[in-house]
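To start, the structure itself, in structure tokens.
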Amino acid sequence: MELPDLVVFKTAQFMFKVRNKLLPNNLLRMYGDREGGYELRWELNFKQQSVQTTLKSMCISVCGVIIWNNLNEEIKHSMNIFQFKKRLKANIMAKYLMA
């Protein structure tokens, strides 16, 4: 894996822990669920923050949400962190096998 893929891998793991409330409450408060009163697709997505600066766009509270929201639904529905890491790694490695 290349460095950008490792960053995505670790950031997605962090976001999995946020989604499943495995982190302290002060970290969980930075992330909000997608708004909408209807049962639509992508119920596991987070609300994206609007940003004004490039520096803020590189923050994990912004780029982590983007990475999480772009993940495959099958990966998001993993039962535990080990299954999540296995599915995510397979998804990332598939990109190298196709090249």
>> Once rounded to the nearest 0.5 Å, what's the spacing between atom CD of Q48 and atom OH of Y31?
In response: 13.0 Å
>> Minimum heavy-atom separation for N80 and Q83, please, with both atom names.
In response: OD1-N, 2.8 Å
>> Has N69 got a side-chain atom pairing as donor or acceptor with F46's backbone, closer than 3.5 angstrom?
In response: yes
Review item, side-chain donor-acceptor pairs of residues 52-66, under 3.5 Å, at least two apart:
residue	atom	partner	partner atom	Å
T53	OG1	K56	N	3.2
S57	OG	T54	O	2.5

>> Can you tell me how far apart CZ (R29) and CG (L23) are? Round to the nearest 0.5 Å.
In response: 12.5 Å
> What heavy-atom pair brings L28 and V18 nearest, and what distance separates the two atoms?
Replying inline: CD2-O, 3.5 Å
>> My understanding is that only residues two or more places apart in sequence, or in another chain, count here; which of them pass side-chain contact (heavy atoms from CB on, under 4.5 Å) with P4?
In response: E2
> Taking only residues two or more places apart in sequence, or in another chain, which ones meet K21 in a salt bridge (Lys or Arg N to Asp or Glu O under 4.0 Å)?
Replying inline: none
>> Restricting to side-chain contact (heavy atoms from CB on, under 4.5 Å), what partner residues turn up for V8, sequence neighbours left out?
In response: I67
>> Given 3.5 Å as the limit, does a donor-acceptor pair link the side chain of N20 with the main chain of L22, or not?
In response: no
>> Is there a continuous path of hydrophobic side-chain contacts, each under 4.5 Å between heavy atoms, that joins F14 to L6?
In response: yes
>> Within the structure provided, determine whether H77 and L44 are in side-chain contact (heavy-atom separation under 4.5 Å).
In response: yes
> Is the number of heavy atoms from other residues, nucleotides or ligands within 6.0 Å of CZ (F82) greater than 12?
Replying inline: no
>> According to salt bridge (Lys or Arg N to Asp or Glu O under 4.0 Å), does anything in residues 89-99 pair up with another residue at least two apart or in another chain? List the pairs.
In response: D5-K95
> By side-chain contact (heavy atoms from CB on, under 4.5 Å), which residues pair with L71, not counting sequence neighbours?
Replying inline: A12, W68, I75, K76, F84, L88
> With sequence neighbours left out, what residues match K85 under side-chain contact (heavy atoms from CB on, under 4.5 Å)?
Replying inline: F9, Q13, I81
> Quick one: do M15 and V7 end up in the same hydrophobic cluster if we chain Ile, Leu, Val, Met, Phe, Trp and Tyr together by side-chain heavy atoms under 4.5 Å apart?
Replying inline: no
